[in-house]
Amino acid sequence: MEALAASFIAVVGTLLGAALTHRFQLRSVERTERFTRDERLRQERMDAYGAYAGALVNYRRALVGRWFLEHEDGTPEECRQARAEGYELRSVAQEALFRVQMLSPDEALVERGRRTLKRIDQLHKAHDRAALDRLRDDTRAMVTEFVTAARDALG
């Protein structure tokens with residue numbers, strides 16, 4: 001009878017040990033998968049935020065160039081090309097903003113990105129050089145603030 005009880009306890013202990021080991025392994029796998037998923041999402045956000053900031057800088061540069069062509073010494077053809085480049089780069093920035101909107105859980109960051117794009121849209125409309133310089137300073141600061149906020153959002 002003692003041998004039967006000892007065998008029963010051994011079998012129950014083995015089964016309990018196997019069940020606990022299985023549970024701990026599942027939790028470990030789930031934790032690893034969650035970490036991998038979170039890290040992949042963080043990397044995608046970083047890529048999206050960086051791409052958007054780069055698109056803003058390129059769009060900003062194009063509009064400043066357009067302003068100088070239109071107000072100083074550009075030929076009609078150069079002005080037309082500058083307008084076309086501005087339209088193209090605005091589309092690139094808008095697409096990058098859509099990606100930020102899809103990936104970012106931080107609505108304040110998305111709104112900051114929208115405001116920055118709207119402000120950059122005004123660059124080529126400056127009526128004189130002083131207004132352009134103010135807008136350039138404002139938009140440079142806004143892009144920097146977006147990048148800083150994005151970095152902080154990434155943790």
- Message: Is there a side chain to side chain contact (heavy atoms under 4.5 Å, CB included) between R115 and R112? Walk through the geometry before answering.
- Response: CA-CA 5 Å; R115 282 193 317 268; R112 182 182 298 265; 4.0 Å; yes

- Closest non-hydrogen atom pair between E78 and L69, with its separation: O-CD1, 3.7 Å

- Note on the structure: On a heavy-atom basis, the closest approach of G86 and L63 is CA-CD2, 4.4 Å

- Note on the structure: Quick note, side-chain hydrogen bond (donor to acceptor under 3.5 Å, both in side chains) partners involving residues 145-155, not counting sequence neighbours, are none

- Backbone N or O of T36 within a donor-acceptor pair of the E39 side chain at under 3.5 Å? no

- Can you list every salt bridge (charged side-chain N to carboxylate O under 4.0 Å, His left out) pair that touches residues 64-75, not counting sequence neighbours? R66-E70, E70-R83

Determine all donor-acceptor pairs shorter than 3.5 Å in which one atom belongs to a side chain in residues 125-133; sequence neighbours excluded.
residue, atom, partner, partner atom, Å
D128, OD1, A130, N, 3.3
D128, OD1, A131, N, 2.8
R129, NE, D133, OD1, 3.2

- Query: What distance separates E44 CD from M102 CE, expressed to the nearest 0.5 Å?
  - Reply: 10.0 Å

- Item | D38/R42 under side chain to side chain contact (heavy atoms under 4.5 Å, CB included): CA gap, chis, key distance, verdict | CA-CA 6 Å; D38 291 348; R42 181 180 177 281; over 6 Å; no

- Query: Quick one: does L89's side chain get under 4.5 Å of R61's, heavy atoms only?
  - Reply: yes

- Message: Please find the pair of heavy atoms, one from A55 and one from A93, that lie closest to each other, and give the distance.
- Response: CB-CA, 3.7 Å

- Item | salt bridge (Lys or Arg N to Asp or Glu O under 4.0 Å) evaluation trace for R80 with E77 | CA-CA 5 Å; R80 188 194 64 71; E77 178 59 23; 2.7 Å; yes

- Task: Could you walk me through whether R60 and T139 pass the side chain to side chain donor-acceptor pair (under 3.5 Å) test, one step at a time?
- Result: CA-CA 8 Å; R60 183 178 169 278; T139 56; 2.8 Å; yes

- Note on the structure: Nearest heavy-atom approach of A153 to L109 is CB-CD2, 4.3 Å

- Once you round to the nearest 0.5 Å, how far does CZ of R140 lie from OG1 of T116? 14.0 Å

- Task: Check D138, V143, L56 against R119 for a side-chain contact (heavy atoms from CB on, under 4.5 Å) and give me the one that passes.
- Result: D138

- Cluster check V147, L103: I/L/V/M/F/W/Y, side chain < 4.5 angstrom: no

- Item | salt bridge (charged side-chain N to carboxylate O under 4.0 Å, His left out) pairs, two or more places apart, involving residues 10-23 | none

- Item | Between CZ on residue R37 and CD on residue E33, distance to nearest 0.5 Å | 8.5 Å

- Query: In the single-linkage hydrophobic clustering (I, L, V, M, F, W, Y; side-chain heavy atoms under 4.5 Å), do V110 and M46 co-cluster?
  - Reply: yes

- Query: Got a sec, which pairs hit salt bridge (charged side-chain N to carboxylate O under 4.0 Å, His left out) with one end in residues 99-109, sequence neighbours left out?
  - Reply: E107-R114

- Task: Any chance you could measure E85, atom CD, to E88, atom CD, to the nearest 0.5 Å?
- Result: 9.0 Å

- Item | Listed once per pair and sorted, the side-chain hydrogen bond (donor to acceptor under 3.5 Å, both in side chains) pairs that draw on residues 47-59, sequence neighbours left out | Q43-D47, Y49-S104, Y59-D121

- Below 4.5 Å, heavy atoms only, C-beta onward: do L123 and I120 meet side chain to side chain? yes

- SB check R134 D137 (cutoff 4.0 Å): no

